[in-house]
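Residue numbers start from 1 in every chain, and the chains themselves are labelled A, B, ... in the order their sequence lines are given, proteins ahead of strands.
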There are 2 protein chains.
Amino acid sequence: MFTIGKLASLTSVSNDTLRYYEQEGLVEPAGKSPAGYRLYDKDSARRIHFIKHAQNCGFTLAEIRELLALRGRDNACCGDVRTRAIEKKLQIEHKIRAMKAMSKALDQLIAECANEAQPVKECTIIAALERATVAAPVQ
Amino acid sequence: MFTIGKLASLTSVSNDTLRYYEQEGLVEPAGKSPAGYRLYDKDSARRIHFIKHAQNCGFTLAEIRELLALRGRDNACCGDVRTRAIEKKLQIEHKIRAMKAMSKALDQLIAECANEAQPVKECTIIAALERATVAAPVQ
DNA sequence: CTAGACCCTGGAGTATACTCCAAGGTCAAG
DNA sequence: CTTGACCTTGGAGTATACTCCAGGGTCTAG
């Protein structure tokens with residue numbers, strides 16, 4: 001069990017951000033000290049890392065709250081949870097496809113840039129993305 | 001050549017958003033009518049779609065501006081552009097890895113949910129993500 | 001027993017990305 | 001030649017996700 005400052009430095013986010021996440025229902029301290037200090041454990045750190053990863057993948061805090069809710073401890077495996085999990089998975093797959101297309105487009109750009117001096121004439125990124133993507137709309 | 005309203009409905013964004021993007025240096029109208037109306041072409045529509053895709057992949061408008069700058073027409077293929085392209089590619093790959101991990105975690109959750117009634121005990125999403133990711137920091 | 005480093009709450013401020021007016025000009029149809 | 005659907009600029013307002021106080025309590029070390 002450690003206090004907020006420790007968790008903050010462990011996860012590279014600020015104390016304020018941790019309190020904000022708590023306010024937004026994304027993390028709860030594992031407990032409180034007699035003086036009212038928030039006390040966290042290793043799972044708290046995991047959760048913060050998860051939030052940061054998910055955010056980096058383009059999910060909003062609201063969406064992350066949903067992702068976290070999928071593993072609610074009590075009445076987990078009901079059909080509703082499964083449905084939302086599948087929904088989120090489709091969302092993620094869609095994003096992955098778009099990002100792969102971009103990665104490919106960048107590859108092309110990088111390859112073309114290998115022989116310097118010769119200027120790029122086509123808009124490689126946009127063109128490649130246009131060829132590659134076109135998938136089910138995300139929600 | 002068509003006006004802003006057409007481009008807006010073609011790309012499913014608002015007129016206001018298009019003007020905002022222009023203000024932020026992300027799109028320029030292909031021309032202007034005598035009355036001062038913005039006039040766009042198909043490339044404009046492509047660019048808007050690109051912006052939306054990139055945004056959906058978690059890039060900020062500032063980053064998207066950078067991505068778009070990579071294909072600057074005049075002095076493109078200089079080493080600097082190549083470097084930034086490689087940088088962006090690493091960023092994207094990192095995100096793809098994280099998203100694949102999440103996708104996998106959701107698969108697991110979905111599979112476990114297939115046999116209803118049996119509640120999930122472990123935090124699958126976080127656990128799977130933790131196992132799977134750990135990559136170079138993104139910038 | 002006090003100095004310095006920590007913690008608390010509550011509220012205000014900031015950056016990003018829109019979103020929505022107000023006040024007015026443009027233009028094709030009837 | 002006016003009506004209605006479009007366009008213009010400029011500026012204010014909103015949601016999200018922080019970020020930064022102010023004013024005050026807690027705790028460990030000297």
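To the nearest 0.5 angstrom, Leu26(B) atom CG is 10.0 Å from Phe50(B) atom CZ. Atom CD1 in Ile64(A) sits 11.5 Å away from atom CD in Glu24(A) (nearest 0.5 Å).
Listed by chain and number, the residues in a side-chain contact (heavy atoms from CB on, under 4.5 Å) with Leu39(A) are Met1(A), Thr3(A), Ser33(A) (sequence neighbours excluded). Partners of Thr17(A) according to the side-chain contact (heavy atoms from CB on, under 4.5 Å) rule, which considers only residues two or more places apart in sequence or in another chain, are Val13(A), Ser14(A), Tyr21(A). For Asn15(A), there are no side-chain hydrogen bond (donor to acceptor under 3.5 Å, both in side chains) partners two or more places apart in sequence or in a different chain. Under the salt bridge (Lys or Arg N to Asp or Glu O under 4.0 Å) criterion, Asp16(B) pairs with Arg19(B), sequence neighbours left out. For Ser9(A), there are no side-chain contact (heavy atoms from CB on, under 4.5 Å) partners, not counting sequence neighbours. Not counting sequence neighbours, the partners of Glu22(B) by the side-chain contact (heavy atoms from CB on, under 4.5 Å) test are Glu28(B), Pro29(B), Arg38(B), Tyr40(B).
Taking the ring centre of Phe2(B) as origin, the terminal cationic atom of Lys42(B) falls outside the region bounded by 6.0 Å and 45° from the ring axis.
Within 4.0 Å of Glu24(B), counting heavy atoms only, lies no atom of the nucleic acid at all.
Rotation axes derived from the C1' atoms of the five outermost pairs at either end of the helix from dC1(C)-dG30(D) to dG30(C)-dC1(D) lie 0° apart, to the nearest 10°.
Residues Glu93(A) and Lys89(A) are paired through a salt bridge, judged by an N-O separation under 4.0 Å between the basic side chain and the carboxylate.
The stretch residues 30-39 of chain B touches DNA chain C through Ala35(B), Tyr37(B), each having a heavy atom under 4.0 angstrom from the strand. Within residues 9-23 of chain B, the residues having any heavy atom closer than 4.0 Å to DNA chain C are, in order of number, Asp16(B), Thr17(B), Tyr20(B), Tyr21(B).
Each of Thr3(B) and Leu61(A) lies near DNA chain D, and the nucleotide nearest Thr3(B) is the one positioned closer to the 5' end.
Taking both residues in full, the closest heavy atoms of His49(A) and Leu10(A) are given as NE2-O, 3.9 Å, listed atom of the first, atom of the second, then distance. Residue Ala30(A) comes nearest to Asp41(A) through the heavy atom pair CB-OD2, 3.6 Å, listed as atom of the first residue, atom of the second, then distance. Annotation for Met99(A) and Ile92(B): closest pair O-CG2, 3.4 Å, computed over non-hydrogen atoms.
Counting 5' to 3', DNA chain D first comes under 4.0 angstrom of a heavy atom of chain B and last does so at the ends given by dC6(D) to dT9(D).
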